[in-house]
Amino acid sequence: MRVLVTGGAGFIGSHIVDALLEKGVDVAVLDDFSSGRRENLPEGVPVYEVDVRDPEAVRAAFAEFAPTHVSHQAAQISVAVSVKQPLRDASVNVLGGLNVLEAAREVGVRHVVFASTGGAIYGEVPEGERADESWPPRPASPYAAAKAAFEGYLEVYHRQFGLRYTALRYGNVYGPRQDPHGEAGVVAIFARHLLAGKPVTVYARREAGDDGGVRDYVYVGDVVAANLMALGGDLEGVYNVGTGRGRSTREVLRTVARALGVEPRVEPAGVRPGDLERSVLDPSRLESSGWRAEVAFDEGIRRTVEWFKENPF
Ligand SMILES: O=c1ccn([C@@H]2O[C@H](COP(=O)(O)OP(=O)(O)O[C@H]3O[C@H](CO)[C@H](O)[C@H](O)[C@H]3O)[C@@H](O)[C@H]2O)c(=O)[nH]1
């Protein structure tokens with residue numbers, strides 16, 4: 001197996017690269033380093049510094065490395081950015097993805113694993129419910145619409161060209177190496193702000209008692225485990241990757257603050273445009289293939305804040 005990891009210098013991609021190398025798999029990284037970081041990469045891994053929006057460069061990288069499998073993690077990751085710049089979001093997340101699929105087809109890639117979104121694709125998930133894969137996509141942001149569209153293309157390439165695929169619909173992934181500088185990735189943002197003694201923003205409705213959005217937070221190591229199962233051929237089609245448990249932004253803040261032993265200062269703000277109130281996933285389908293979310297939230301947060309203490313971002 002030869003795996004090309006797009007976005008391999010990013011938060012989730014670089015953990016996938018580490019895990020594959022540990023298993024002795026041949027790995028290369030395709031990344032434009034717009035948000036990915038060289039520090040995330042182990043020494044010696046081949047790197048193609050390529051923007052997925054550049055079809056020729058993508059094609060050349062595929063021709064040279066000749067992967068049998070692709071882990072497509074490269075993306076514009078922010079819901080908020082997608083709301084402000086839907087064309088930019090689609091140019092990376094739809095057209096960039098199509099460049100990857102075209103190049104994959106040309107060199108005879110057997111299987112593509114795609115970082116889709118469970119957190120955004122189902123739209124609002126009503127209180128007391130968990131979204132499973134049979135729920136139709138109800139995108140509430142350009143980000144979600146683009147991810148859903150690309151899943152459609154994966155199905156087309158499967159039918160037309162026999163390209164196998166797994167779309168992993170991630171919940172809200174957190175852990176070491178998450179970029180705290182953008183607008184997405186609330187655990188990383190809170191960890192960094194609290195470590196720097198800065199106040200944090202909690203987006204919530206103005207009514208008293210609203211604890212902010214509810215999300216299904218899943219530790220990056222558990223997401224990597226799902227990716228390895230998919231690349232190993234154990235999963236085909238669409239799978240949620242989440243814990244099945246929803247947590248509010250306030251709960252996230254409390255847990256991060258406790259792990260750091262600090263008292264947070266909070267700046268309230270209204271709801272962020274494009275944000276859902278509640279998203280919680282039903283991971284039963286993945287669990288029936290033997291996957292479990294192994295890392296409890298407290299433990300995942302502990303590992304994450306330890307990493308941020310040692311690696312001032
Ligand atoms: O400073 C902040 C940042 C976020 N939030 C809140 O925290 C929750 C989580 O926000 P994130 O920006 O971390 O993530 P999203 O829920 O917007 O999730 C999206 O962004 C993720 C990237 O981290 C993934 O791409 C995921 O698939 C996609 O649904 C939301 O309720 C948001 O309003 C705050 O209160 N303050």
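Both ligands and their constituent atoms are indexed starting at 1 by order of listing. Since the model is a prediction, treat every value here as computed from it, not as a measurement.
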- For Arg272, the ligand 1 atoms whose distance to one of its heavy atoms is below 4.0 Å: 3 (C), 4 (C), 10 (O), 11 (P), 12 (O), 17 (O), 32 (C)

- Short list, please: which atoms of ligand 1 are under 4.0 Å from a heavy atom of Ala120? 29 (O)

- Message: Please evaluate residues Gln73 and Asn227 with respect to the criterion side chain to side chain donor-acceptor pair (under 3.5 Å), reporting the C-alpha separation (whole Å), side-chain torsions for both, the decisive distance (0.1 Å), and the verdict.
- Response: CA-CA 10 Å; Gln73 309 293 320; Asn227 274 276; 3.3 Å; yes

- Task: Using a strict cut-off of 4.0 Å, indicate which atoms of ligand 1 neighbour a heavy atom of Ile77.
- Result: 20 (O), 22 (C), 25 (O)

- Query: Between Phe190 and Phe308, does a ring-ring contact (aromatic ring centres under 6.0 Å, His included) hold up when you go through it step by step?
  - Reply: CA-CA 11 Å; Phe190 285 176; Phe308 273 99; over 10 Å; no

- Protein heavy-atom partner closest to atom 36 (N) of ligand 1 - residue, atom, separation in Å: Thr201 O, 2.7 Å

- Task: Identify the heavy atoms of Ser14 and Arg177 that sit nearest to each other, and give their distance.
- Result: OG-NH1, 2.9 Å

- Message: Give me the nearest non-hydrogen protein atom to atom 15 (P) of ligand 1 as residue plus atom name, then the distance to 0.1 Å.
- Response: Asn172 ND2, 3.5 Å

- ligand 1 atoms nearer than 4.0 angstrom to some heavy atom of Gly185 are 11 (P), 12 (O), 13 (O), 23 (O)

- Gly212, any N or O under 3.5 Å of ligand 1 N or O: no

- When you measure from atom 16 (O) of ligand 1 to every protein heavy atom, which one gives the shortest distance, and what is it? Arg215 NE, 2.6 Å

- Item | Ring centre gap for Tyr165 and Tyr157 strictly below 6.0 Å | no

- Query: Does Tyr219 have Arg303 sitting over its ring (NZ/CZ under 6.0 Å from centre, angle to axis within 45°)?
  - Reply: yes

- Report, in ascending order of atom number, the atoms of ligand 1 lying under 4.0 Å from any heavy atom of Asp275. 17 (O), 30 (C), 32 (C), 33 (O)

- Query: Of the protein's non-hydrogen atoms, which lies at the shortest distance from atom 4 (C) of ligand 1, and what is that distance?
  - Reply: Val186 CG2, 3.4 Å

- Query: With atoms numbered from 1 as shown, which atoms in ligand 1 lie under 4.0 angstrom from a non-hydrogen atom of Tyr217?
  - Reply: 8 (C), 9 (C)

- Query: Which residue and non-hydrogen atom of the protein lie closest to atom 25 (O) of ligand 1, and at what distance in Å?
  - Reply: Tyr143 OH, 2.6 Å

- Task: For the pair Arg265 (side chain) and Gly197 (backbone), establish whether a donor and an acceptor sit closer than 3.5 Å, ignoring hydrogens and angles.
- Result: yes

- Which atom names give the shortest non-hydrogen contact between Leu276 and Gly119, and what distance separates them? CD1-O, 3.4 Å

- Task: Using modelled atom types only, decide if a donor and an acceptor are shared between the side chain of Asp216 and the backbone of Gly244 within a distance under 3.5 Å.
- Result: yes

- Query: Counting both backbone and side chain atoms, is some N or O of Tyr170 under 3.5 Å from an N or O of ligand 1?
  - Reply: no

- Query: Would you say Tyr174 touches ligand 1, if touching means a heavy atom closer than 4.0 Å?
  - Reply: no

- Query: Just checking, Arg105 and Phe161: is the charged tip under 6.0 Å from the six-membered ring centre and within 45° of the axis?
  - Reply: yes

- Got the closest protein heavy atom to atom 27 (O) of ligand 1, with its distance? Thr117 OG1, 2.8 Å

- Trp307 with Val224, same ILVMFWY side-chain cluster at under 4.5 Å: yes

- Note on the structure: of all protein heavy atoms, closest to atom 6 (C) of ligand 1 is Thr249 OG1, 3.7 Å

- Which protein non-hydrogen atom lies closest to atom 34 (C) of ligand 1, naming both residue and atom, and how far is it? Tyr203 CD1, 3.3 Å

- Pairing of Lys147 and Glu151 as salt bridge, 4.0 angstrom limit: no

- Query: Which atoms from ligand 1 have a heavy atom of Gly213 less than 4.0 Å away?
  - Reply: 31 (O)

- Message: Closer than 4.0 Å to some heavy atom of Val79 - which atoms of ligand 1 meet that?
- Response: 17 (O), 19 (C), 28 (C)

- Query: With no hydrogens and no angle check, is any side-chain donor or acceptor of Glu277 less than 3.5 Å from a backbone partner on Val214?
  - Reply: no

